[in-house]
Amino acid sequence: MALWNLAPVSVLVLSVLFSFLGYRCLLCMIAVWTEVKRIVHIRRTLPGAPPHWLFGNILQEPGPVTPGFEWHRNMPKTYRRLCVFWIGWKPIVILNHPESVRNVLNDRVGTVKSDVYRLFDEWLGDGLVTTDGKVWKRHRKLITNSFHFNVLKSYIPKMNQIADTLISVISQRGAAGELLELHKTTSAFSSDVILQCAFSYESGCQEGVSEYMKSVSTLGTIFMKRSLSPPLLYDFIFRRSSLYKSWRKEIDVLHRLQEKLISDRREQHRQTGCTEFSKGMDFLDTLMLAKDAEGGLTDREMRDEVNTFLLGGIDTTSSALTWLLYLLATHPEYQTKIQEEVDELFQDREIREVRREDLHRTPFLMKCVKESQRMYSFVSSSRLLTEPLVVDGLTVPAGTDLAIYPYQLHHNPDVWSDDHMTFRPSRFDRQNVEGRDPFAFIPFSAGARNCIAQQFALQEIQVAAIRIYDKFGFTLVRDSTPVFRIVSVPEDEILLGINPRRET
Ligand code: HEM
């Protein structure tokens, strides 16, 4: 039928439809043009290894294995400030220098969290690590109190109690003439600490297998497999894969358990009329007590934060402890120095437990903790630029993904000199720290989105190390090299010989 034979209403509807489609089409063309311009600009102006036309640089990166560490370490040598890594046609700009990361972490340039964090959506929901904008700001404000000095102090008895079990596990192995499976031991310790401090859950991870931790560990493994397989990054493919069934099952197990814990605790607070913080409370209590003008966190929001706490708090601290103990076993002179520091701390004490004030009295241990974090910490940060970033005269356009690897910054020879692979705690002597760029050492990231639990983690590491070196020394029997699983872990188990120092 000819157009002029249509009723005027139909003509009107059709012309609105066509102008709408035309408008959408125009928007689409503008978006494509802007994207092409951005990609061409990056390809032409920013440094990086020449990419394959289809795969980009993916095939050049050795992956989450030991040579991958060398690849990351070498990057700042070739590209001093930044470089582009192409995943297919998608550019990721990696920032290699403290001066390059400063404006990003200080929020002087607009960023949001990049799409990578979306992979955690089903598990962590609106937890701190994954959210942005107003929701993040509100949650961060509400949760900050959970890491207040007084709250952290109240975790020390729990940490000492869990360290008692750690000491007895090591002692039993030593007495039986067995070697210490280093990473397995630190992982079980960190899991017990988090589950106790998060919601007073008696997990008994150090004494056997915990169902709870099995779920967290399965989810971690699936996450790694997914992040290393580009097709699985697409939800519609992942949801049809065999991995998805276990992913969903384990998430449901965790969520059900936590929902029950949260509703029981709400009931307990209601019955006891609990309205303020008191000694012995855990993370869940502090979340429930946190209030603002909108009330407080809902049960769902609390569940998301508890999950974030579990994900963020286990592998990170166990990795830090593992590499600390490993480096000290391979540097006996520093191990002895720490033992002397601990002996002095505990002299005249009948109960050899760590008190809050002790944490400031082991300065050499703290230097070793920092130096081991410098050498091995791997938790990276990813951001999406919402405005252009200028680094050393080079412009990274808005809409580009950025990656910040502390591991690269911590091995940048411009800052740490050519002996950056040497474990040298004196790098953290006062005179060496003064004048060093504050963004040169960022195991916990920096700025507004730094690790909210930094002091909690350091306290946990210190309590464990002080208690351990009071009773034991170690020697390396079987070595291993690092691989990355979100954090850096030994590829094969590191085995240590146990040398008891006094009765346990
Ligand atoms: C040695 C141990 C730890 C290291 C090296 C570490 C490192 C980091 C890093 C680098 C970030 C920033 C991530 C990003 O930009 O995406 C971060 C954020 C975070 N970490 Fe940790 N972390 C440690 C321990 C912990 C622990 C024990 C917890 C919980 C108990 C925790 C909870 C969090 C949370 C909730 C965030 C998100 C903060 C926000 O965005 O506001 N971390 N951590």
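Both ligands and their constituent atoms are indexed starting at 1 by order of listing.
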Using residues 451-463 as the side-chain source, report each donor-acceptor pair under 3.5 Å to any protein atom, sequence neighbours left out, with the distance given to one decimal.
{"unit_1": "Q459", "atom_1": "OE1", "unit_2": "R356", "atom_2": "NH1", "d": "2.9"}
{"unit_1": "Q459", "atom_1": "NE2", "unit_2": "L152", "atom_2": "O", "d": "2.8"}
{"unit_1": "E460", "atom_1": "OE2", "unit_2": "S190", "atom_2": "OG", "d": "3.4"}
{"unit_1": "Q462", "atom_1": "NE2", "unit_2": "L359", "atom_2": "O", "d": "2.9"}

>> Between Y326 and D479, do the side chains contain a donor N or O and an acceptor N or O under 3.5 Å apart?
In response: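 Looking only at side-chain atoms, Y326 and D479 do form a donor-acceptor pair, the distance falling under 3.5 Å.
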
>> If I take atom CG from residue D235 and atom CZ from residue R226, how far apart are they, to the nearest 0.5 angstrom?
In response: 5.0 Å

>> I'd like to check K214 versus E250 (side-chain heavy atoms, cut-off strictly below 4.5 Å). Are they in contact?
In response: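 Heavy-atom side-chain distance check fails, nothing below 4.5 Å.
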
Could you pull out every N or O of ligand 1 that sits under 3.5 Å from a protein N or O, with the distance for each pair?
{"unit_1": "ligand 1", "atom_1": "15 (O)", "unit_2": "S381", "atom_2": "OG", "d": "2.7"}
{"unit_1": "ligand 1", "atom_1": "15 (O)", "unit_2": "R383", "atom_2": "NH1", "d": "3.4"}
{"unit_1": "ligand 1", "atom_1": "15 (O)", "unit_2": "R383", "atom_2": "NH2", "d": "3.3"}
{"unit_1": "ligand 1", "atom_1": "16 (O)", "unit_2": "K113", "atom_2": "NZ", "d": "2.8"}
{"unit_1": "ligand 1", "atom_1": "16 (O)", "unit_2": "Y117", "atom_2": "OH", "d": "2.5"}
{"unit_1": "ligand 1", "atom_1": "40 (O)", "unit_2": "R449", "atom_2": "NE", "d": "3.1"}
{"unit_1": "ligand 1", "atom_1": "40 (O)", "unit_2": "R449", "atom_2": "NH2", "d": "3.1"}
{"unit_1": "ligand 1", "atom_1": "41 (O)", "unit_2": "W136", "atom_2": "NE1", "d": "2.8"}
{"unit_1": "ligand 1", "atom_1": "41 (O)", "unit_2": "R140", "atom_2": "NH1", "d": "2.7"}
{"unit_1": "ligand 1", "atom_1": "42 (N)", "unit_2": "G312", "atom_2": "O", "d": "3.3"}

>> Among F484, F69, W323, which residue satisfies the ring pair (Phe, Tyr, Trp, His ring centres under 6.0 Å) criterion with Y376?
In response: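 Per the ring pair (Phe, Tyr, Trp, His ring centres under 6.0 Å) rule, the option paired with Y376 is W323, out of F484, F69, W323.
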
> Where does the angle between the aromatic ring planes of W123 and W247 fall among parallel (under 30°), tilted (30 to 60°) and perpendicular (over 60°)?
Replying inline: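 Rings of W123 and W247: perpendicular, as their planes differ by over 60°.
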
